[in-house]
Amino acid sequence: MRAAEIADQLTDVLVTEEEIQAKLEELARRVEADYEGKDLLLVGVLKGAVMVMADFARSLKRPIEMDWMAVSSYGAGTKSSGVVQIRKDLDTDISGKHVLIVEDIIDSGLTLSWLLENFASRGAASIEVLALLRKPEAAKVEIDCRYVGFDIPVEFVVGYGLDFAEKYRNLRDVAVLAPHVYA
């Protein structure tokens with residue numbers, strides 16, 4: 001689904017599918033250079049990072065391992081509770097591994113900060129973050145994100161894995177959801 005097909009539900013397209021694909025290709029070349037000669041484990045954060053993880057992994061021209069983790073700090077609400085719960089843990093022992101966390105978006109950074117500490121306590125050789133989107137003005141903690149696709153404003157965005165009530169994940173673009181949809 002493209003933004004033009006649901007234009008009445010959106011206010012602004014921030015990043016098109018074509019821009020996303022070009023950026024993921026660019027980031028893939030950087031990651032390949034940075035991890036040359038090292039085994040790399042990509043860890044996707046469910047559910048939002050599914051699209052980013054799939055397309056980024058396919059952009060890499062080298063063998064990698066992949067795993068998934070699901071964490072939540074929101075529960076049923078729309079604001080972070082501050083308490084992170086592991087909903088699905090890794091299947092891979094990350095001790096001694098070079099880990100690249102693949103995220104759809106960095107908003108407050110609180111959950112990602114917790115995840116970085118958790119992975120460090122598990123003995124990873126290195127831990128870096130790749131995020132397709134980042135909202136710098138929304139940050140509550142500083143996250144050292146080595147690979148960033150696009151900085152975006154503090155808006156309610158959907159698409160490319162990002163959802164509202166589990167809808168819009170399949171939107172191929174990243175767009176601002178119109179307030180009348182969620183108000």
Side-chain angles (χ1 to χ4, degrees), residues 1-31 42-61 66 68-82 84-85 87-88 100-113 115 129-143 145-183:
M1 167 173 68
R2 293 304 299 257
E5 298 167 322
I6 58 166
D8 61 325
Q9 299 168 51
L10 308 171
T11 61
D12 193 20
V13 175
L14 298 180
V15 190
T16 67
E17 177 183 27
E18 294 77 13
E19 291 169 322
I20 291 168
Q21 295 305 322
K23 182 60 74 172
L24 291 177
E25 285 287 336
E26 174 191 318
L27 292 172
R29 301 298 75 81
R30 286 181 50 204
V31 167
L42 302 182
V43 173
V45 182
L46 293 171
K47 297 178 187 174
V50 168
M51 306 300 186
V52 179
M53 178 83 143
D55 287 346
F56 175 72
R58 287 189 298 237
S59 295
L60 292 168
K61 297 176 181 174
M66 295 171 62
W68 297 93
M69 189 164 192
V71 294
S72 175
S73 62
Y74 289 86
T78 57
K79 292 195 175 183
S80 175
S81 67
V84 177
Q85 297 176 325
R87 305 259 180 191
K88 186 234 174 272
L100 180 60
I101 299 171
V102 178
E103 273 279 25
D104 52 351
I105 190 166
I106 299 174
D107 204 321
S108 71
L110 293 170
T111 302
L112 186 54
S113 175
L115 199 58
V129 178
L130 179 146
L132 178 66
L133 306 168
R134 177 176 62 183
K135 295 180 181 177
E137 290 82 31
K140 293 189 173 162
V141 294
E142 190 170 328
I143 298 289
C145 185
R146 188 167 187 174
Y147 309 99
V148 177
F150 304 93
D151 283 333
I152 63 170
V154 180
E155 298 277 359
F156 194 98
V157 295
V158 294
Y160 206 74
L162 297 158
D163 74 303
F164 169 67
E166 293 300 325
K167 295 179 181 143
Y168 303 100
R169 289 190 195 279
N170 63 323
L171 176 62
R172 293 175 172 269
D173 312 291
V174 173
V176 178
L177 191 62
H180 76 267
V181 176
Y182 60 89

Legend entry - Sub-4.5 Å side-chain heavy-atom contact between Leu133 and Leu162: yes

Inset, instruction - Find out whether Met53 and Met51 are in side-chain contact, i.e. whether some heavy atom of one side chain is under 4.5 Å from a heavy atom of the other. - result: no

Inset, instruction - Working to the nearest 0.5 Å, report the span between CD of Glu25 and CZ of Arg58. - result: 11.0 Å

Inset, instruction - Provide the closest heavy-atom pair for Asp104 versus Gly48 in the form atom of the first, atom of the second, distance. - result: OD2-CA, 3.1 Å

Inset, instruction - Output all residues satisfying salt bridge (charged side-chain N to carboxylate O under 4.0 Å, His left out) with Glu155, sequence neighbours left out; order by chain, then residue number. - result: none

Legend entry - All salt bridge (charged side-chain N to carboxylate O under 4.0 Å, His left out) counterparts of Glu26, not counting sequence neighbours: Lys23

Legend entry - Arg146: partners by salt bridge (charged side-chain N to carboxylate O under 4.0 Å, His left out), with sequence neighbours left out: Asp34, Glu128

Inset, instruction - Flag the pair Val102 / Val45 as yes when at least one side-chain heavy-atom distance between them is below 4.5 Å, and no otherwise. - result: no

Inset, instruction - Run the numbers on Gln21 and Glu19 for side chain to side chain contact (heavy atoms under 4.5 Å, CB included), then give the verdict. - result: CA-CA 6 Å; Gln21 295 305 322; Glu19 291 169 322; over 6 Å; no

Inset, instruction - For side chain to side chain contact (heavy atoms under 4.5 Å, CB included), just list the numbers for Ile106 and Val129, CA-CA rounded to whole Å, side-chain angles, deciding distance to a tenth of an Å, and then say yes or no. - result: CA-CA 10 Å; Ile106 299 174; Val129 178; 4.3 Å; yes

Inset, instruction - For residues Val31 and Leu60, determine if any side-chain heavy atom of one lies less than 4.5 Å from a side-chain heavy atom of the other. - result: yes

Legend entry - Set of side-chain contact (heavy atoms from CB on, under 4.5 Å) partners for Glu166, sequence neighbours left out: Lys47, Asp163, Arg169

Legend entry - Any Val71 side-chain heavy atom under 4.5 Å of Leu115 side chain: yes

Inset, instruction - Look up atom OG1 in Thr11 and atom CG in Leu177, then write down how far apart they are to the nearest 0.5 Å. - result: 8.0 Å

Legend entry - Counterpart residues, side-chain hydrogen bond (donor to acceptor under 3.5 Å, both in side chains), relative to Asp173 (two or more places apart): Arg2

Legend entry - Contact summary for Tyr168 and Val181, nearest pair of heavy atoms: OH-CG1, 3.4 Å

Legend entry - Those residues that, when tested against Phe150, pass ring-ring contact (aromatic ring centres under 6.0 Å, His included) (two or more places apart): none

Legend entry - Where Leu10 and Ala175 come nearest, the two heavy atoms and their spacing: CD1-CB, 3.8 Å

Legend entry - Any Arg134 side-chain heavy atom under 4.5 Å of Ile152 side chain: no

Legend entry - Distance-only polar pair, side chains of Asp55 and Tyr160, donor-acceptor under 3.5 Å: yes

Inset, instruction - Run the numbers on Glu103 and Leu130 for side chain to side chain contact (heavy atoms under 4.5 Å, CB included), then give the verdict. - result: CA-CA 6 Å; Glu103 273 279 25; Leu130 179 146; over 6 Å; no

Legend entry - Within-4.5 Å side-chain heavy-atom neighbours: Val52 and Ile20: no

Inset, instruction - Could you pull out the closest heavy-atom pair between Ala57 and Leu42, with the gap in Å? - result: CB-CD1, 4.0 Å

Inset, instruction - Can you measure from NE2 (His180) to CG (Asp8) and round to the nearest 0.5 angstrom? - result: 6.0 Å

Inset, instruction - Quick one: do Ser113 and Ile143 satisfy side chain to side chain contact (heavy atoms under 4.5 Å, CB included)? Show the steps, please. - result: CA-CA 7 Å; Ser113 175; Ile143 298 289; 3.8 Å; yes

Legend entry - Inter-residue atom distance Leu27.CG - Ser59.OG, 0.5 Å rounding: 9.0 Å

Legend entry - Rounded distance [0.5 Å steps], OH in Tyr147 versus CZ in Phe56: 8.0 Å

Inset, instruction - List the atom of Asp107, the atom of Lys135, and the distance in Å for their closest heavy-atom pair. - result: OD2-NZ, 3.5 Å

Legend entry - Point-to-point distance, once rounded to the nearest 0.5 Å, from CG of Leu171 to CE of Met1: 5.0 Å

Inset, instruction - Identify the two heavy atoms, one from Leu14 and one from Pro153, that lie closest to each other, and give their separation to 0.1 Å. - result: CD1-CD, 4.3 Å

Inset, instruction - Step through the shown structure and confirm whether more than 12 heavy atoms of other residues, nucleotides or ligands are within 6.0 Å of NZ on Lys88. - result: yes

Inset, instruction - State, yes or no, whether a side-chain contact exists between Ser72 and Val84 at a heavy-atom distance under 4.5 Å. - result: no

